[in-house]
Protein chains: 2
Amino acid sequence: MSERLPPRAERRRRTERHILDAARTLFAEVGFERTTIRAVARAAGVDPALVMQYFGSKQELFRHAAEAAPPPEEGLDADELVDHLLGTLDTKIGELSPGSLAMLRSMLTHPEAGAAAREALARQIDRLSAAIPGDDARLRAALMAVVMLGVTIGHQLLELEELRAVPPEEIARLLRPGLRALTGPEVS
Amino acid sequence: MSERLPPRAERRRRTERHILDAARTLFAEVGFERTTIRAVARAAGVDPALVMQYFGSKQELFRHAAEAAPPPEEGLDADELVDHLLGTLDTKIGELSPGSLAMLRSMLTHPEAGAAAREALARQIDRLSAAIPGDDARLRAALMAVVMLGVTIGHQLLELEELRAVPPEEIARLLRPGLRALTGPEVS
DNA sequence: CCCTTCGCTCAACGTACGTTGACTCAACGA
DNA sequence: TCGTTGAGTCAACGTACGTTGAGCGAAGGG
């Protein structure tokens, strides 16, 4: 009852964050199409109209909700790259950032989300290929990226028991030789 | 004008096939949610009500549309398995069967489709793991499956240029060491 | 103290969807 | 030939969606 009422600006920011949190959760759980503005608003405890007022459209809401942690692999050599990539399995598998998960889930049905996902993946391929020698570096980098993507989808979206039952390190151990092979034709 | 009108039964079957073809294409292109009965009917050149009359509901229509070629890997040893799996890249990459593609695209958003996809993948993991020695055979099989899944998604759904620009054999060549490594700890 | 600002709600709109029931009409069997 | 069947259409239903504009009420500045 005697709650410390925050000033307007902070109240506004807090509400906006509630909406974004709800949106991320729902986009991640059921994808773009099945997420409704009304459901987001209900989960955030506000009126649907407010969501529109803040973000303009469902598309824009998704754009804001999908903004999330950019991966930081740069200036590594091939072996470090593999280790770093496998290290991200921890995050990917333990708890994928809600923004990424939302994008991952939505990218296969929603056109704009798909474009955004493709772009993000292309950037990752750029960074990866920079650390790989050879003229087929981009192909190899792309394969590394989709391998990680497949594992993430199998784990997070399809929730395969086989993958969920073991620690990330075990998966990393099994995946390492294949990724190593992708970084270059040279043997060890 | 002097067209040979087929008997009722055949005409019926033909129409049904037209509807299923249209449904498969649309489910594959835009996923379950964004595919409308009306659009399917329009593409098949019939009335939306007829689609309902034949299949009862959109869910059932999807079920029928998603029924497609079951993969036949059985009774192979580990090395043959890898070769067979990589051989399927041809089909997966060249032209994924419309039923599978529909399921692949829809599985991440639509609950029932997701369950069906999970089941299909589980069956594949069963078959794969039968050809792999060791007590972590199922984990290894699951990883092989999701690696192939990732490549297929990258190629078919995300349409990565890097993957589309090269022949399947090239991709198979790069993937082989990793899959070999997954079939067992023994070195060659 | 009043007037403005602004976070927020309310009620409604137009639209598109899945689905239904009554209907039309050509093919069919007796 | 005539009644029956069944493929296919038509018009409509209820519902849920994204989105809008008017309005409320408390906070903030003069």
Side-chain angles (χ1 to χ4, degrees), chain A residues 1-23 26-27 29-66 102 106 109-113, chain B residues 1-23 26-27 29-66 102 106 109-113:
Chain A
M1 301 303 182
S2 64
E3 279 185 2
R4 168 84 171 76
L5 266 234
R8 282 237 269 246
E10 182 173 329
R11 181 159 179 74
R12 150 101 197 211
R13 227 176 303 142
R14 183 183 302 187
T15 305
E16 194 169 313
R17 217 196 52 229
H18 285 162
I19 294 175
L20 276 179
D21 285 347
L26 283 170
F27 279 135
E29 277 177 358
V30 298
F32 182 88
E33 330 282 347
R34 297 168 56 85
T35 296
T36 67
I37 297 275
R38 283 168 162 87
V40 170
R42 199 178 320 123
V46 298
D47 192 272
L50 190 65
V51 178
M52 296 303 298
Q53 197 174 325
Y54 280 4
F55 298 96
S57 72
K58 189 181 175 183
Q59 299 260 359
E60 276 299 303
L61 174 62
F62 178 82
R63 272 209 334 102
H64 281 88
S106 300
T109 44
H110 186 60
E112 174 163 324
Chain B
M1 299 309 181
S2 64
E3 278 184 3
R4 169 83 172 74
L5 265 233
R8 283 237 268 248
E10 181 172 330
R11 182 158 177 75
R12 151 101 197 210
R13 228 176 301 142
R14 183 183 304 186
T15 305
E16 195 169 312
R17 217 197 51 229
H18 285 162
I19 293 175
L20 276 178
D21 286 348
L26 284 171
F27 280 134
E29 277 178 358
V30 299
F32 182 88
E33 330 282 346
R34 298 169 56 85
T35 295
T36 67
I37 297 276
R38 284 167 161 86
V40 170
R42 200 179 318 124
V46 298
D47 192 274
L50 190 66
V51 179
M52 297 303 297
Q53 196 175 324
Y54 280 3
F55 298 96
S57 71
K58 188 182 175 182
Q59 299 259 359
E60 276 299 302
L61 173 63
F62 178 82
R63 271 210 335 104
H64 281 88
S106 300
T109 44
H110 185 60
E112 176 163 323

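Just so we're clear, the structure is a prediction, and the values are computed from it rather than from any experiment. Note on naming: letters A, B, ... go to the chains in the order of the sequence lines (proteins, then strands), and numbering restarts at 1 for each one.
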Distance, nearest 0.5 Å, that separates CG of A:L61 from CD of A:Q59: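 A:L61 atom CG to A:Q59 atom CD measures 10.5 Å (nearest 0.5 Å).
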Within this structure, what is the [atom1]-to-[atom2] distance between [X] and [N], rounded to whole angstrom?
{"X": "B:Q59", "N": "C:dT19", "atom1": "CD", "atom2": "C1'", "result": "13 Å"}
{"X": "A:R13", "N": "C:dC6", "atom1": "CZ", "atom2": "P", "result": "15 Å"}
{"X": "B:R14", "N": "D:dA7", "atom1": "CZ", "atom2": "C1'", "result": "14 Å"}
{"X": "A:R8", "N": "D:dG25", "atom1": "CZ", "atom2": "P", "result": "15 Å"}
{"X": "A:R11", "N": "D:dA27", "atom1": "CZ", "atom2": "P", "result": "9 Å"}
{"X": "A:E16", "N": "C:dC8", "atom1": "CD", "atom2": "C1'", "result": "14 Å"}
{"X": "B:E33", "N": "C:dA16", "atom1": "CD", "atom2": "C1'", "result": "15 Å"}
{"X": "A:E60", "N": "D:dG18", "atom1": "CD", "atom2": "P", "result": "15 Å"}

If you define the side chain from C-beta out and look only at heavy atoms, does anything of B:R63 sit under 4.5 Å from B:E60?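 In contact.
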Is the shortest side-chain heavy-atom distance between B:F62 and B:T35 below 4.5 Å?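 A side-chain contact is absent here, since even the closest heavy-atom pair is not under 4.5 Å.
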When you measure from the side-chain N and O atoms of A:S57 to the phosphate of D:dG18, is any distance below 4.0 Å, counting only OP1 and OP2? no
Look at the side-chain N and O atoms of A:R12 and state whether any lies under 4.0 Å from the OP1 or OP2 oxygen of C:dG7.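 Answer yes for this pair, as a side-chain N or O of A:R12 is under 4.0 Å from OP1 or OP2.
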What pairs of donor and acceptor atoms, side-chain ones from residues 38-54 of chain B against any protein atom, are under 3.5 angstrom apart with sequence neighbours left out?
residue: B:D47; atom: OD1; partner: B:A49; partner atom: N; Å: 2.8

Positions of residues 46-54 of chain B (non-hydrogen atom under 4.0 Å from DNA chain C), listed by number: B:A49, B:M52
What pairs with A:R12 under salt bridge (Lys or Arg N to Asp or Glu O under 4.0 Å), at least two apart in sequence or on another chain? A:E16
Looking only at heavy atoms, what is the nearest atom pair of A:K58 and A:E33, with distance?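 Closest heavy-atom pair between A:K58 and A:E33: NZ-O, 3.6 Å.
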Is it true that B:E10 and B:R13 have a side-chain N and a carboxylate O under 4.0 angstrom from each other? no
Counting only non-hydrogen atoms, which of residues 36-44 of chain B are less than 4.0 Å from DNA chain D?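 The answer is B:R38.
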